[in-house]
Amino acid sequence: MFLYLIDLFGTIVFAISGVLLAGRLKMDPFGVVVLASVTAIGGGTMRDIALGATPVFWITDTTYLWVILATSFLTMLIIRRPKRLSWWVLPVCDAIGLAVFVGIGVDKSMLYQESSLVAIIMGVLTGCGGGIVRDILAREIPMVLRSEVYATACIVGGIFHTTALQMGYDHNTAFLSGVLSTLIIRLGAIRWHLSLPVFAINR
Amino acid sequence: MFLYLIDLFGTIVFAISGVLLAGRLKMDPFGVVVLASVTAIGGGTMRDIALGATPVFWITDTTYLWVILATSFLTMLIIRRPKRLSWWVLPVCDAIGLAVFVGIGVDKSMLYQESSLVAIIMGVLTGCGGGIVRDILAREIPMVLRSEVYATACIVGGIFHTTALQMGYDHNTAFLSGVLSTLIIRLGAIRWHLSLPVFAINR
Amino acid sequence: MFLYLIDLFGTIVFAISGVLLAGRLKMDPFGVVVLASVTAIGGGTMRDIALGATPVFWITDTTYLWVILATSFLTMLIIRRPKRLSWWVLPVCDAIGLAVFVGIGVDKSMLYQESSLVAIIMGVLTGCGGGIVRDILAREIPMVLRSEVYATACIVGGIFHTTALQMGYDHNTAFLSGVLSTLIIRLGAIRWHLSLPVFAINR
């Protein structure tokens with residue numbers, strides 16, 4: 001139950017990031033809702049489709065859709081009278097949502113198959129996939145492919161999660177260890193502006 | 001049967017819109033067929049995949065593929081000797097195709113699940129999804145996300161359709177009410193150049 | 001078994017082409033692996049999803065993933081001390097991978113449905129789909145849509161393959177005739193810089 005609430009919290013935060021990008025691109029309300037939806041549920045949708053877990057999760061439980069709709073319209077209303085948030089509020093919320101999404105992706109994929117490697121990929125896909133599609137729709141090279149310890153945090157979290165499972169820890173402990181490691185690494189990256197070195201070929 | 005013919009009509013119109021964009025981008029014949037196909041069957045394909053209705057519809061009934069192939073090659077031949085069409089012919093045909101696609105999407109999703117909200121989303125996806133992927137392939141920010149009462153017409157049509165079903169009207173009446181409302185709103189938008197206000201954040 | 005090795009060879013070659021593009025875009029190691037994966041398994045993934053053959057092939061057999069990971073890291077290491085390859089090595093390897101991917105796509109789709117047209121499409125999708133998604137992520141108009149006898153080679157190969165099957169030839173002969181015709185046409189196109197005429201609409 002607590003997990004479900006955190007999952008919805010992540011959905012809200014991701015939806016807001018879609019709304020903000022749509023606003024910078026001057027989209028109409030439909031575009032705003034599409035970008036919010038894609039960011040919030042795009043990753044989980046690709047995970048479910050690849051696993052064959054169809055109909056996808058937001059068809060089975062439409063709560064996610066209502067939450068996204070409400071978030072989109074509230075954000076569009078509120079943003080016109082901007083009370084300044086501290087700069088760190090959104091990234092930190094995003095990190096929490098990200099960490100939980102990765103954990104849920106790892107978990108769900110373990111219901112459908114056995115490989116830890118696939119589970120880690122599904123975790124990363126759940127966490128980062130929505131943002132990638134959002135950036136494609138906005139015609140930008142997806143940020144997570146270019147820099148910052150974002151996907152890397154997800155990968156490490158997935159490794160902790162699956163390793164704990166393999167070492168025989170119970171489900172909750174493994175989940176928590178994965179989510180916390182994603183979260184800590186991501187918060188550290190935000191705090192100290194960590195980036196991986198890029199791989200560049202000159203031409 | 002009549003519905004099936006209208007469905008194929010919509011397929012043809014959408015395919016033509018893909019061919020025309022491919023021509024402006026100077027693609028080769030393969031690119032033309034890909035853009036035509038993506039526009040015509042991309043939305044329905046995403047709908048079927050999300051619903052778990054696989055193999056997708058054009059694998060079960062290959063008529064759609066043959067129609068797209070024929071349309072692509074005929075359009076490529078004919079367009080070289082342009083007889084001018086009145087400006088409104090293509091948008092009006094597009095509106096008819098759009099309205100029918102939305103109705104079919106709502107209908108099909110109701111076979112696989114019960115939520116009206118999901119049915120509306122599947123209707124919009126069937127109508128607008130192909131055009132969005134077409135624009136991504138052409139490296140443009142999808143037009144339907146930016147302006148004009150296009151997706152909005154689909155949403156309203158989907159609401160009429162599902163509401164009529166919930167109020168106990170029979171299948172055909174509900175379908176017709178949905179298709180007609182999409183069509184009327186879309187034709188009105190074309191006639192009077194209606195747009196929703198955009199949501200813009202200045203930075 | 002030999003086929004499986006060639007399939008992995010194609011995976012490696014396609015992964016390398018993803019790594020090289022990621023390097024030109026100065027992506028971080030995660031981005032490199034994503035672009036390598038998308039190029040190498042993106043086409044087959046879309047094929048499996050459309051056919052309803054889920055979980056997709058790389059979930060069932062994770063060898064592909066390990067091969068991509070190893071290829072990505074080795075390429076990143078090696079490319080920093082570039083020994084010059086002759087210009088034709090990569091395109092020729094790519095042509096071999098392409099031809100085999102098309103054959104595998106045709107084959108697999110015949111397990112799930114009967115239409116030759118769909119089988120050809122699935123072959124082309126398996127061969128070209130990954131490169132298209134790679135180019136979308138890199139924010140380029142997909143090269144295969146624009147010029148060169150690339151997709152066309154796949155189409156002709158698919159036609160040979162399915163025609164041979166329909167004429168009653170055994171599975172291996174049909175497979176080989178398809179793969180060889182794709183390969184020969186593609187190599188010819190590389191050697192003599194063949195392109196189809198583009199379809200251009202002036203505006």
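Just so we're on the same page: letters track the sequence lines, and every chain starts at 1. Since the structure is predicted, the reported quantities are computational estimates derived from the model, not experimental observations.
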**Student:** Between B/Val56 and chain C, which part of the residue has a heavy atom less than 4.5 Å away: side chain, backbone, both or neither?
**Tutor:**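 B/Val56 touches chain C through backbone and side-chain heavy atoms alike.
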**Student:** When heavy-atom pairs shorter than 4.5 Å are enumerated against chain C, which of B/Ile59, B/Leu20, B/Thr60 gives the highest number?
**Tutor:**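 Between B/Ile59, B/Leu20, B/Thr60, the count favours B/Ile59.
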**Student:** Heavy-atom cut-off 4.5 Å, strictly under: side chain, backbone, both or neither for B/Val19 against chain C?
**Tutor:**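 When you check distances to chain C, atoms from both the backbone and side chain of B/Val19 fall under 4.5 Å.
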**Student:** For chain B, which candidate among C/Ser109, C/Cys128, C/Ala50, C/Gly52 shows the most heavy-atom pairs at distances under 4.5 Å?
**Tutor:**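 Highest number of pairs under 4.5 Å: C/Ala50.
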**Student:** Roughly how far, to the nearest 0.5 Å, is CG of C/Leu137 from CD1 of C/Ile132?
**Tutor:**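 So the gap between those two atoms works out to 12.5 Å.
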**Student:** For B/Leu69, which atoms come within 4.5 Å of any heavy atom of chain C: side chain, backbone, both, or neither?
**Tutor:**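 Looking at B/Leu69, just its side chain touches chain C.
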**Student:** Check the orientation of C/Phe101 and C/Phe14. Use parallel for under 30°, tilted for 30 to 60°, and perpendicular for over 60°.
**Tutor:**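 Answer is tilted, since the angle falls between 30° and 60°.
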**Student:** Taking every heavy-atom pair that is under 4.5 Å apart, which of B/Asp48, B/Leu65, B/Ile136, B/Leu35 has the most such pairs with chain C?
**Tutor:**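 Between B/Asp48, B/Leu65, B/Ile136, B/Leu35, the count favours B/Leu65.
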**Student:** Does the side chain of B/Asp28 come under 3.5 Å of the side chain of C/Tyr150 through a donor N or O and an acceptor N or O?
**Tutor:**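 Side-chain D/A pair, B/Asp28 to C/Tyr150: absent.
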**Student:** Under 6.0 Å from the six-membered ring centre of B/Phe57 and within 45° of its axis: does the NZ or CZ of B/Arg47 meet both?
**Tutor:**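 Judged by the rule, B/Arg47 and B/Phe57 form a cation-pi pair.
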**Student:** Let me know if C/Ile49 has heavy atoms under 4.5 Å from chain B in its side chain, its backbone, both or neither.
**Tutor:**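 Both parts, heavy atoms under 4.5 Å.
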**Student:** Just verifying a value: how many Å separate C/Ser181 OG and C/Phe160 CZ, rounded to the nearest 0.5 Å?
**Tutor:**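 Nearest 0.5 Å value for the OG-CZ distance: 5.0 Å.
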**Student:** Nearest 0.5 Å please: distance from the CD1 atom of B/Ile155 over to the CD1 atom of B/Ile185.
**Tutor:**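 The CD1 atom of B/Ile185 is 10.0 Å from CD1 of B/Ile155, to the nearest 0.5 Å.
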